[in-house]
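Heads up, the thing below is written out as structure tokens.
Note that these values count all heavy atoms, side chains included, but never hydrogens, waters or copies made by symmetry. All chains are named by letter (A, B, ...) in the order of the sequence lines, taking the proteins before the strands, and each is independently numbered beginning at 1.
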There are 2 protein chains.
Amino acid sequence: MEDNSILYNYLLVLEEQQLSQYKFIGKRIARVDAIEKACGKAIFAGDLKFDKMLVGKVLRSPYAHAKIVNIDISEAKLLPGVKAILTAKDIPNNNKYNWANDAEVLASEKVRYIGDEVVILAAVNEDVAQKALELIRVEYEPLPVFTEYEQAMSSETERIHGDKPNNIAVKINVERGDIDKAFNDAKVIISNKYRIPTVHQSPIELNCAIAYFQMNKLTVYYGSQIYHQLKMQIAKIFNLREKNVVIKAVEIGGAFGSRNEQIVPILAAALALHTEHPVKIEITREEEFVAARPAMDMDIELSIATDEKGNFMGKKVYITASDGAYTSFGDAVLFIAAFRADTLYRFKNVKILAHAVYLNKPPTSAYRGFGSPQMHFAQESLIDELAERLNMDPTELRLKNFIHPGDISIHGYQINSCGIAECMKKAKELSDWQTKKQNKTFGTGIGVAALVHASGSRAGAPWFSGGSSTIIVDMFGGINVYVGESELGQGARTVFSQICAEELCCEIEDINVVIGNTDMTSFSWGTHGSKLTHILGKAVMIASRNVRDQIMDFAKKYLKINELNLEDSVFKDKKGNRLATFLEVVKRGCEENNGASFIGIGSYDTGAIVPDDGFGNVAPAYLFGVQIAEVSVNPSTGKIIVDKITSVHDVGKAINPQMIEGQVEGGVVQGLGMGLMEQLVTDRSGVVYNNSFLEYKLPTIYEIPKIQVGIVESIEPNGPYGAKGVGEPPIISVTPAIANAVYNAVGIRIREFPITPTRLHKLLNKKRVLYFKKKGN
Amino acid sequence: MEDNSILYNYLLVLEEQQLSQYKFIGKRIARVDAIEKACGKAIFAGDLKFDKMLVGKVLRSPYAHAKIVNIDISEAKLLPGVKAILTAKDIPNNNKYNWANDAEVLASEKVRYIGDEVVILAAVNEDVAQKALELIRVEYEPLPVFTEYEQAMSSETERIHGDKPNNIAVKINVERGDIDKAFNDAKVIISNKYRIPTVHQSPIELNCAIAYFQMNKLTVYYGSQIYHQLKMQIAKIFNLREKNVVIKAVEIGGAFGSRNEQIVPILAAALALHTEHPVKIEITREEEFVAARPAMDMDIELSIATDEKGNFMGKKVYITASDGAYTSFGDAVLFIAAFRADTLYRFKNVKILAHAVYLNKPPTSAYRGFGSPQMHFAQESLIDELAERLNMDPTELRLKNFIHPGDISIHGYQINSCGIAECMKKAKELSDWQTKKQNKTFGTGIGVAALVHASGSRAGAPWFSGGSSTIIVDMFGGINVYVGESELGQGARTVFSQICAEELCCEIEDINVVIGNTDMTSFSWGTHGSKLTHILGKAVMIASRNVRDQIMDFAKKYLKINELNLEDSVFKDKKGNRLATFLEVVKRGCEENNGASFIGIGSYDTGAIVPDDGFGNVAPAYLFGVQIAEVSVNPSTGKIIVDKITSVHDVGKAINPQMIEGQVEGGVVQGLGMGLMEQLVTDRSGVVYNNSFLEYKLPTIYEIPKIQVGIVESIEPNGPYGAKGVGEPPIISVTPAIANAVYNAVGIRIREFPITPTRLHKLLNKKRVLYFKKKGN
């Protein structure tokens with residue numbers, strides 16, 4: 001058996017699981033930052049103030065599509081207290097804004113959506129800044145506005161971006177296997193169209209950044225998901241050396257994918273560089289809604305072909321999605337929507353045709369699940385219809401087709417751990433599926449949906465996969481874990497503290513996790529793709545073992561003994577006699593090295609690849625789960641009450657069950673909002689209608705059902721202690737579970753969310769009319 | 001030959017010197033922080049402001065010695081805007097203030113000098129804080145005041161500190177060789193008494209500290225000379241864990257020894273912990289004069305015995321010094337005054353009796369040279385008298401007796417490099433000594449004095465000697481040098497940048513030196529004893545080589561070549577062909593390690609020991625120098641104009657000649673101030689008379705003579721590239737050189753500085769009277 005084989009790793013981890021009595025891993029450890037956050041002491045960007053700090057503001061386009069004819073800042077410039085007014089020409093590399101190269105820091109010749117950044121300014125206070133905004137005169141020449149897929153795709157001459165015919169930003173066209181044969185040979189073919197609207201991540205905290213330029217160093221405080229990339233981006237845009245740019249992490253009041261995009265800190269940086277004052281930009285809720293990159297809306301047309309026993313033979317998928325005005329992470333979202341869900345089942349023949357289209361609407365981007373919630377809504381809804389057609393229980397149809405551990409999926413994903421069957425079993429038990437199905441009455445329903453996602457998908461950029469961490473143990477026994485990633489509220493600090501405390505046999509409170517500061521941490525790709533616990537957790541584990549080995553080696557030398565155990569911060573001999581404390585040994589070790597701290601480095605290579613044409617193992621592991629929704633529908637009004645959601649996830653190994661429950665509850669609530677009430681509405685002129693929490697409806701405590709969380713531990717050989725991620729899955733497949741439960745309750749299929757009472761009521765009425773018509777016949 | 005022998009090291013360094021064409025070492029590189037400092041952009045503690053920051057103030061004792069009967073804060077507490085008023089009982093470990101255990105954070109039962117800290121408070125602004133101070137009523141019961149040595153030492157019953165009979169804080173009583181025999185056998189014995197007053201370091205910047213306590217972490221901004229010890233001290237006083245205390249370095253507007261003592265940040269910390277607001281304390285110039293630990297005043301009685309040829313046979317020294325109210329670094333200063341100067345010559349028999357006495361005056365402490373300027377004034381003045389008695393040129397008498405390379409001095413100091421004879425030769429050349437001596441006229445004079453000091457004296461605390469540094473090279477080629485020491489203005493950042501750039505074959509501007517932040521740097525003892533270039537510089541050199549080796553190893557693997565050169569940030573093969581840039585290789589190396597940076601650790605053990613009874617090798621190397629002063633004296637008024645000072649120093653190897661010149665010029669000016677005009681005057685009731693720059697006279701541009709700097713490179717085997725320190729020496733022996741020149745000009749010996757016109761005029765008058773009397777006879 002080879003040392004590096006998956007099986008060998010798997011056995012190693014299993015053995016470790018059996019041998020180990022973990023002290024912190026798998027325990028319900030309270031979040032290390034709980035008190036600070038609960039007591040309002042945690043520091044967010046908005047909490048920071050600096051001496052002589054200016055207020056930055058953005059003048060945005062009032063047109064969805066227009067040429068910029070002239071910008072007149074002369075009057076605004078004269079207003080006392082205005083320190084800088086910048087337009088596109090003041091930004092050194094204005095066009096180096098994004099990977100897709102289709103956006104600018106400030107719009108130069110054209111604006112492409114209502115909200116596009118045109119001018120920024122800094123002034124001594126809010127009032128002056130606001131007044132100055134109003135004194136700027138921008139002359140526009142309106143252009144045709146595209147807000148619908150077909151309208152945009154059918155336009156040959158008018159383009160939102162000059163080099164993109166038919167306004168197509170991204171196109172995926174892939175076929176694997178023999179799709180025609182599969183559909184020809186099939187006994188059952190089922191097809192439907194699904195429509196997914198734009199929803200907003202709606203973090204509590206508004207985008208806020210503070211930048212200052214002092215002593216030749218640009219410092220930016222911002223709660224980002226990708227600190228090191230932000231550093232690179234700023235260096236590139238402003239012709240600075242990376243070493244002269246530092247991003248300092250602050251707490252983040254919710255990101256959910258929206259902090260991958262980061263215009264606000266770049267604008268703050270521009271103003272700070274020009275004024276040499278600290279500049280703070282905090283956008284409003286209205287700006288957040290239109291300009292902070294909500295989720296991608298999609299039309300999905302899906303067909304599945306099976307044999308007579310329900311074995312999946314083929315799948316065809318057509319996606320048309322809105323990139324909005326620019327490509328943010330829309331390409332990645334489209335990619336994941338197109339490919340990811342195919343790995344849930346043993347598909348052998350698949351055809352995918354997907355387009356992301358430019359529209360004169362807010363640019364769309366990542367939202368928890370990166371396209372998976374969109375595609376799972378279609379796929380898991382359609383499979384429910386298929387089960388009915390085949391007269392099978394939808395859980396049985398899925399179980400028959402689920403992918404297995406050891407499989408390589410149709411897109412080349414290597415499945416190691418896979419607890420999807422156990423998830424289904426547990427979800428059915430926890431929800432009492434069988435009984436509920438049998439005893440159901442009209443108006444109550446139960447629905448199921450399964451899901452797959454990646455545990456740390458490889459970032460699109462091709463440099464490397466994996467992550468690293470540094471651990472410094474200083475002379476005072478202070479244990480500092482440096483990680484170049486973000487604490488988004490997901491509990492990264494706590495998980496890393498658990499891992500490091502486990503490995504160094506110390507207490508949680510001995511650990512100090514330093515998150516994100518780019519001057520102190522090594523390069524990391526960013527906090528997305530449910531990767532933190534798995535990838536960085538493993539790097540922290542390796543770094544902990546590395547520094548522990550160094551300390552252990554010194555301890556043996558110092559204590560003149562060959563066999564030593566470290567337990568609860570005490571070194572003991574084989575017989576369990578106390579020899580010295582961890583602190584004593586570390587102190588002595590540093591002293592003997594002239595004060596130098598012990599430094600451990602952890603580097604974990606996931607082995608994941610950048611898929612070629614969508615084919616290849618994109619992640620070190622895959623995540624599986626099952627959601628079951630129970631609903632009560634009032635057939636007269638269409639009002640839907642979700643009574644319970646059972647949410648079961650294969651997390652590999654639960655590092656902290658309590659935090660997993662927190663993640664699941666949060667994700668389920670977001671999925672529920674998406675399914676029942678959320679939608680960012682843009683009209684045909686590109687105006688976003690509901691850009692406030694009065695008009696954009698989020699779930700409140702009244703709509704939140706009982707959420708029962710189930711955890712399946714499949715022990716992932718690549719993950720730390722067998723763990724993999726769980727950040728995104730809970731949001732995925734909540735909408736189809738609800739849609740399927742609604743069908744189960746009142747016999748109405750809704751293929752467009754949110755499933756609002758209005759929409760349902762209309763369909764119920766239509767059904768009633770048809771029923772009476774039929775009866776009348 | 002053993003690998004570790006001094007000689008072997010010496011030859012190694014010599015070989016390196018000959019082989020190397022240094023690119024940065026030895027070059028006149030501009031200070032890396034010059035522009036920021038010259039343009040007022042460097043950030044000092046006083047520049048920092050934080051939101052909701054409070055102003056902290058100190059209520060000080062108006063009595064030089066008194067019992068505290070009662071403190072009534074009731075009225076002050078009621079003043080709106082007062083956030084905290086603290087007395088001794090509010091400080092958890094109030095008595096853990098200093099190493100000597102004789103001082104408290106706030107005086108609890110007694111006050112011991114006018115200025116003693118009694119109450120601190122924090123308020124919303126300066127006005128409220130000041131008003132609150134005035135509302136605090138402290139009732140004192142006055143005690144007898146001691147301001148004179150004999151008065152204090154003769155008091156059996158009244159003690160300033162209860163456990164110290166005769167008010168003696170520190171006593172040193174050491175005899176080596178056979179002092180009685182030496183003096184019995186001697187042909188010439190010369191004795192005199194010298195009086196050295198308290199002078200003040202007078203940094204431009206006032207003591208200022210800002211502390212805040214957030215998220216369970218106490219952060220303190222302060223320009224300290226000993227960041228890590230301050231962290232320890234604060235943790236101990238406030239029962240915090242060291243890991244929860246971070247000291248962040250700010251620029252320092254001059255320290256010169258005075259920032260070893262650090263009450264201000266501790267008081268700010270106390271108020272921050274109590275209020276949970278940021279608190280800033282900035283003391284006034286008046287407070288700085290009395291409470292910020294000026295230099296130690298001393299009475300020195302000195303005798304030297306020689307044979308008829310001027311060979312030194314023995315030396316007796318009696319020192320009585322003022323510790324002031326508490327022991328700050330007075331013990332170290334006394335120790336250095338007592339022992340250090342003996343290593344300048346080949347003394348074989350020495351007797352030392354030294355006392356530091358408690359007085360009800362400002363506590364004294366370290367000032368550039370740590371006691372060496374005091375003792376050298378006595379020794380080098382007396383040797384001048386001795387030369388006259390022996391009818392020898394004073395330079396010849398010294399040359400006859402100087403210590404030699406390879407010697408072990410009477411106190412056990414191992415002399416490796418020693419360029420004292422070369423210094424004397426060069427100083428004589430540069431000042432044209434011979435000609436000036438021969439052609440002198442009444443009223444003009446030339447005087448010489450030599451000096452010795454240690455290059456990185458071992459700190460009193462016994463843990464370890466040496467220093468460490470960490471260098472992190474990140475994926476963007478950013479090179480970060482972490483050093484837990486201080487940039488005092490001495491140019492540490494520049495020297496470390498030169499060393500690191502030399503070793504990594506890159507440019508100065510590629511280097512980012514991170515100074516002092518205790519969260520980012522490894523433990524360091526503190527920046528004193530002329531140690532930075534030598535000890536930390538060597539650690540940086542080792543760390544640079546360590547990280548370079550790692551990068552080189554990777555480069556060989558990556559470029560698939562066994563022999564590589566790194567030149568000007570480019571890797572080349574043996575033939576000089578360009579293969580890859582440093583950045584390319586580093587980027588690739590980090591990528592292949594999942595983003596992990598290259599980390600180099602440098603640890604340098606000086607091998608110095610904590611001397612037992614003053615005996616033992618206290619430093620890795622010793623510094624030598626010669627000062628020659630030329631003066632013009634107006635015999636009618638006593639006015640002295642110093643025309644020129646020639647200052648020649650054995651620096652081992654000049655890393656940056658320009659910065660050495662800066663150090664020398666600064667030190668010489670301070671020595672000049674000490675010799676001619678400075679003195680902090682305390683009256684018998686303990687009142688400091690001249691606590692402002694109106695009354696305390698510092699040299700201005702008008703008094704500064706031509707300063708000619710000479711550099712001797714003796715190549716120190718222990719130092720980096722042969723370098724040793726130069727921080728303190730320039731201030732040492734300026735005063736005796738001036739005193740000797742004054743004697744040479746007008747025949748008046750002044751054994752007490754400052755040599756003011758008044759003092760000289762009085763003695764000139766006295767001499768004239770004697771002359772006329774003699775003539776009259």
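For the pair Lys231(A) and Phe476(B), the minimum side-chain heavy-atom distance is below 4.5 Å. In this structure the side chain of Lys41(A) never reaches within 4.5 angstrom of the side chain of Gln214(B), judged on heavy atoms. The shortest side-chain heavy-atom distance between Phe464(A) and Met475(B) falls under the 4.5 Å cut-off.
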- Task: Go through the steps for Arg241(B) and Glu509(A) under the test side chain to side chain contact (heavy atoms under 4.5 Å, CB included), then give the verdict.
- Result: CA-CA 10 Å; Arg241(B) 295 182 66 168; Glu509(A) 52 271 25; 3.8 Å; yes

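For the pairing with Asn594(A), the side chain to side chain contact (heavy atoms under 4.5 Å, CB included) check across Ser522(B), Ser524(B), Ser603(B) returns one residue only, Ser603(B).
With respect to chain B, the highest number of heavy-atom pairs below 4.5 Å among Ile599(A), Asp47(A), Asp510(A), Thr521(A) belongs to Asp510(A). When the candidates Asn216(A), Thr606(A), Ile43(A), Val514(A) are compared by the number of heavy-atom contacts under 4.5 Å with chain B, Ile43(A) comes out ahead. Considering only heavy-atom pairs separated by less than 4.5 Å from chain B, the leading option among His228(A), Met53(A), Lys243(A) is Lys243(A). Contact tally against chain B (heavy-atom pairs below 4.5 Å) for Asn593(A), Asp519(A), Asp474(A), Leu48(A): the top residue is Asn593(A).
Proximity to chain B among residues 465-472 of chain A is limited to Ser465(A), Gly466(A), Gly467(A), Ser468(A), Thr470(A), judged by heavy-atom separations below 4.5 angstrom. Along residues 31-39 of chain B, the residues that come nearer than 4.5 angstrom to chain A, judged on non-hydrogen atoms, are Glu36(B) in order of number.
The neighbour count for Lys587(B) NZ, taken as heavy atoms of other residues, nucleotides or ligands under 6.0 Å away, is above 12.
No part of Lys52(B) comes within reach of chain A, as not one of its non-hydrogen atoms sits under 4.5 angstrom from that chain. Residue contact with chain A, scored on non-hydrogen atoms closer than 4.5 Å, involves the backbone of Ile511(B) exclusively. For Asn244(B), no part sits under 4.5 Å from any heavy atom of chain A, backbone or side chain. For chain A, the nearby part of Tyr604(B) is the backbone; its heavy atoms alone come within less than 4.5 Å. Heavy-atom distances place no part of Ile535(B) under 4.5 Å from chain A, backbone and side chain included.
Atom NZ of Lys217(B) sits about 4.0 Å away from atom CG of Asn512(A), to the nearest 0.5 Å.
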